[in-house]
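Working notes, structure below.
Hydrogens, waters and symmetry mates play no part in the numbers below; they use all other heavy atoms, side chains included. This one's a predicted model, so the numbers in the text were calculated from it and none came from an experiment.
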Amino acid sequence: MPGHVANQRNVVFRDYHGLALAGFYQYGTVTWHALFRWLSLLFDTSHSWIIVMGDRFHSQQYLPTDALVMPGRYTLLDSGMLSFDWSPIEIKLTSAHARRLHLSSTRAKAIGNMNRFRSGKDKQCAMSAQELCWCGLQAAHMDSWTHPKEVRVAVMPLSRPRSDVSRMQGIVDRSSPLPNMLLLREDLHSAWGEYEFGVDPDDGYRITAFVSGHDTIAGRVLRLDHIVDPTTRPLDQLLRDHFLQGLLKHVKGSGERHWDFRSGALDLSDGALWGTGEGKERLEVELEHRLFDHRSKQQQQRVSEFGSGCEERESGVVIFSL
């Protein structure tokens, strides 16, 4: 049954009145420079703001530097005044919510495809670098193709060559594409699907965990140098989008509600839960998610009818044969 996940935070940001604006678990890897970049994505405000430790009368201000963010409680204030007596500010959070990530169940086929194109170094978990037998690895996707329109909007604005854009459109609509896959341990695959950690391509592909419990991988670097063929290398756009979903789910505000549908049953009798805008949105996402396999088979049949190298337009989505 859907509920709240109480992930421990040791860094918390609030406004002057105590409203939670953001927070995360610091492993000793997140700098102020990275944090300011995160907050710029999560805040929907045109006002300039500053961060201080404690209340508005504290004189220490934190700037976007390479210094590490220390655990503690911080306050965001208006930066308009010249004195240290900064004013309170109302900061709105972005209305965007994290998407649900479809966890692939086609492990054997996906791993077989990856083994055809990548070197033997892929016989290890991409996050922990732990070498395992194939049965201990699962193919994790960076973006779910359950909602191709939504994913397309998320990745298309990025400034990329047209060839990359075409490949990205194909990735959204084709099953188990290599540039959208990483091999992970089963436990990390589940956490990856919940956006508990991500890979930041704008920070040297550093693995950043947003919640507690990931000491063994936080701060590590995703190694991609062994992937020689650029057509099989994980796309930065997809890594970046997955990272953003982690910020939306675990860093923004007090953290999003955890919607657990793994039991399969949906009890829709709780109108206070399902009657909300978020509840309706999540229900729609879940229903479409359950229809994914059926839709995927239909799309594959249509593509095979058109033949290799052809494209089909359906509901505004372009399907490419890769």
Side-chain angles (χ1 to χ4, degrees), residues 98-104 106-107 109-132 134 136-148 150-152 154-186 188-210 214 217-247 320 322:
R99 297 189 304 271
R100 185 184 178 195
L101 185 60
H102 177 84
L103 296 182
S104 172
T106 57
R107 174 171 58 184
K109 179 180 178 181
I111 291 179
N113 288 336
M114 294 184 75
N115 192 34
R116 287 171 53 201
F117 293 101
R118 295 183 181 173
S119 69
K121 291 185 178 181
D122 266 322
K123 196 179 177 180
Q124 61 181 216
C125 174
M127 301 300 158
S128 66
Q130 180 182 5
E131 187 167 341
L132 301 168
W134 289 123
L137 295 170
Q138 292 186 352
H141 294 88
M142 291 173 279
D143 256 319
S144 172
W145 54 85
T146 309
H147 291 83
E150 194 175 28
V151 174
R152 186 178 181 185
V155 298
M156 286 294 286
L158 298 174
S159 177
R160 301 293 296 178
R162 182 173 297 274
S163 59
D164 270 5
V165 172
S166 297
R167 286 177 54 218
M168 288 163 61
Q169 290 174 336
I171 285 169
V172 169
D173 295 290
R174 290 296 301 275
S175 61
S176 301
L178 295 181
N180 189 30
M181 288 167 51
L182 294 169
L183 284 181
L184 301 180
R185 290 195 327 243
E186 183 175 1
L188 292 180
H189 185 194
S190 177
W192 175 266
E194 293 296 336
Y195 303 114
E196 293 183 3
F197 64 91
V199 176
D200 189 355
D202 300 314
D203 188 22
Y205 297 93
R206 186 181 304 277
I207 301 170
T208 299
F210 308 111
H214 295 296
I217 61 172
R220 297 181 63 92
V221 175
L222 176 64
R223 300 297 181 184
L224 300 174
D225 297 340
H226 63 286
I227 305 178
V228 180
D229 187 354
T231 63
T232 65
R233 178 187 174 96
L235 283 175
D236 287 357
Q237 297 97 318
L238 299 182
L239 287 171
R240 192 175 289 116
D241 182 74
H242 180 276
F243 194 87
L244 173 60
Q245 304 311 309
L247 295 178
F320 284 82
L322 300 181

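- Taken to the nearest 0.5 Å, the CG atom of D241 stands 12.5 Å off from the CG atom of D236.
- Note: L239 CG to D202 CG = 10.0 Å, rounded to the nearest 0.5 Å.
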Worksheet item: Would H141 and W192 count as a ring-ring contact (aromatic ring centres under 6.0 Å, His included) if you check the C-alpha gap in whole Å, the side-chain angles of each, and the deciding distance to 0.1 Å?
Response: CA-CA 9 Å; H141 294 88; W192 175 266; over 10 Å; no
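- Looking at residues two or more places apart in sequence or on another chain, you find a side-chain contact (heavy atoms from CB on, under 4.5 Å) between D203 and R37, D200, R206.
- The minimum heavy-atom distance linking F210 with Y195 is given by the pair CD1-O, 3.5 Å.
- Residues L182 and M127 form a side-chain contact, since some pair of their non-hydrogen atoms from C-beta on lies under 4.5 Å apart.
- Here L183 contributes atom CG and H189 contributes atom NE2; the two are 10.0 Å apart, rounded to the nearest 0.5 Å.
- Annotation: the span from R185 atom CZ to S190 atom OG amounts to 12.0 Å, rounded to 0.5 Å.
- Contact check for P234 versus M142: side-chain heavy atoms found under the 4.5 Å cut-off.
- The closest side-chain heavy-atom distance from L188 to C125 is below 4.5 Å.
- Minimum interatomic distance between Q245 and A98 (heavy atoms only, all atoms of both residues): OE1-CA, 3.3 Å.
- With sequence neighbours excluded, the residues satisfying side-chain contact (heavy atoms from CB on, under 4.5 Å) with A209 are Y27, F197, H214, A218.
- Side chains of V199 and F243 form no contact here, defined as non-hydrogen atoms less than 4.5 Å apart.
- Atom CD in Q138 sits 11.5 Å away from atom CE in M181 (nearest 0.5 Å).
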